[in-house]
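What follows is a short report on a single structure.
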2 protein chains.
Amino acid sequence: MSKNSPRRFTKQRRLVHDAVIHRVDHPTAKDIFHELKGTGIGIATVYRQLASMVEDGILTTVDYDNETRYDPLTSPHAHLICSICNKIKDIELPKGIDNLTPEKLSFEINEIELTWKGICDDCQN
Amino acid sequence: MSKNSPRRFTKQRRLVHDAVIHRVDHPTAKDIFHELKGTGIGIATVYRQLASMVEDGILTTVDYDNETRYDPLTSPHAHLICSICNKIKDIELPKGIDNLTPEKLSFEINEIELTWKGICDDCQN
DNA sequence: AAATTTAATGATATTGGTTATCAATAACAA
DNA sequence: TTGTTATTGATAACCAATATCATTAAATTT
């Protein structure tokens, strides 16, 4: 989960952390980079810090539309994605989703990913 | 879903169709391309034909590890993915997964995506 | 069976997200 | 303060996927 080498608390790490930790809209690395444009941070550092925060269990990822998006909500949950505006919303997992099935018995489950795709109320017009 | 213009039944379309239609291992476009190497088919045509088969509802896609994989099973189902060997297995959706939740009420749901990630029996040693 | 139309093909350039490289910098320890 | 080394920033490289475009070949018409 966390790296062996000690993690240094650079100002760039704090910048990325503070920029992403309260976001509920699942920003991409480029979104965070643009938000931090005034600070002179490099795009590679944004990618690296976001990846290290995922390693540390501070963020989770949502892959959508061939881009990695970041989510500070780390407890198990599901997503609603609007295929028009591409907005992603965190929602609760349905009860009983983890009931065992025959096939899952042979698996050592680490993670669940549940997404409904559709059209959000704003885009239904 | 399907295109307006008439679809021509080229030999390349048949090649890609026959190469993917019975696969249960969720191949990538490159996998299909390599299987068809002896035929002289171009990589762009493989991508195009797979995309058109998805358009036509003959295939579904599974995005994993930054690659699109193709699945001839088009009825709603879930996936088990082994994060060691990257094998993907089709499994049944749990009963009652589509029960409405408050958040989903405002959504027009088109698609469900459910994946468990873990370690398959072969990779547990 | 030609001739015609135009979708499809194949080679390859391009795109776009992401990662690798590496000299310079700065965080932390001594 | 000095030394060690993880981190940074600029940018090259990577790679799946798409766009471009002259050529080919299905499907239709004559």
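A note on names: the letters A, B, ... follow the listed sequences, proteins ahead of strands, and every chain is numbered from 1.
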**Request:** Select base, sugar-phosphate, or nothing to describe what Thr28(B) touches, counting heavy atoms under 4.0 Å on all strands.
**Result:**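 No contact.
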**Item:** Smallest separation among heavy atoms of His79(B) and Ile91(B), with atom names
**Value:**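 Closest pair (atom of His79(B), atom of Ile91(B), distance): N-CG1, 4.3 Å.
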**Request:** Determine the minimum heavy-atom distance between Tyr70(B) and Thr61(B), stating which atoms define it.
**Result:**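 The answer is CE2-CG2, 3.8 Å.
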**Item:** Exercise: do Asp31(A) and His26(A) side chains pair donor with acceptor under 3.5 Å
**Value:**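 No.
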**Message:** Pairing donors with acceptors under 3.5 angstrom, does anything connect the side chains of Arg13(A) and Thr45(A)?
**Reply:**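 Absent: no donor and acceptor within the cut-off.
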**Asked** Of the nucleotides dA16(D), dT12(C), dG10(C), which one has an atom closest to the side chain of Ile41(B)?
**Response**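 It is dG10(C).
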**Asked** Which nucleotide sits closest to the side chain of Thr45(B): dT19(C), dA17(D), dT9(C)?
**Response**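 Ranking dT19(C), dA17(D), dT9(C) by closest atom to the Thr45(B) side chain puts dT9(C) first.
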What's the [atom1]-[atom2] distance between [X] and [N], to the nearest Å?
X	N	atom1	atom2	value
Glu67(A)	dT18(D)	CD	P	14 Å
Tyr70(A)	dG17(C)	OH	C1'	10 Å
Gln49(A)	dA27(C)	CD	P	12 Å
Asp65(B)	dA17(D)	CG	P	11 Å
Leu15(A)	dT7(D)	CG	P	16 Å
Asn86(A)	dG17(C)	CG	P	13 Å
Phe33(B)	dT12(C)	CZ	C1'	12 Å
Asn66(B)	dT18(D)	CG	P	14 Å

**Message:** Side-chain N or O of Tyr47(A) versus OP1/OP2 of dT19(C): is the shortest distance under 4.0 Å?
**Reply:**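 Answer no for this pair, as no side-chain N or O of Tyr47(A) is under 4.0 Å from OP1 or OP2.
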**Complete:** B/S/- along nucleotides 20-30 of chain D (protein heavy atoms under 4.0 Å) is B----BBS---
**Request:** May I ask you to decide whether Arg23(B) forms a salt bridge with Glu35(B), counting only side-chain N to carboxylate O separations under 4.0 Å?
**Result:**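 Salt bridge present between Arg23(B) and Glu35(B).
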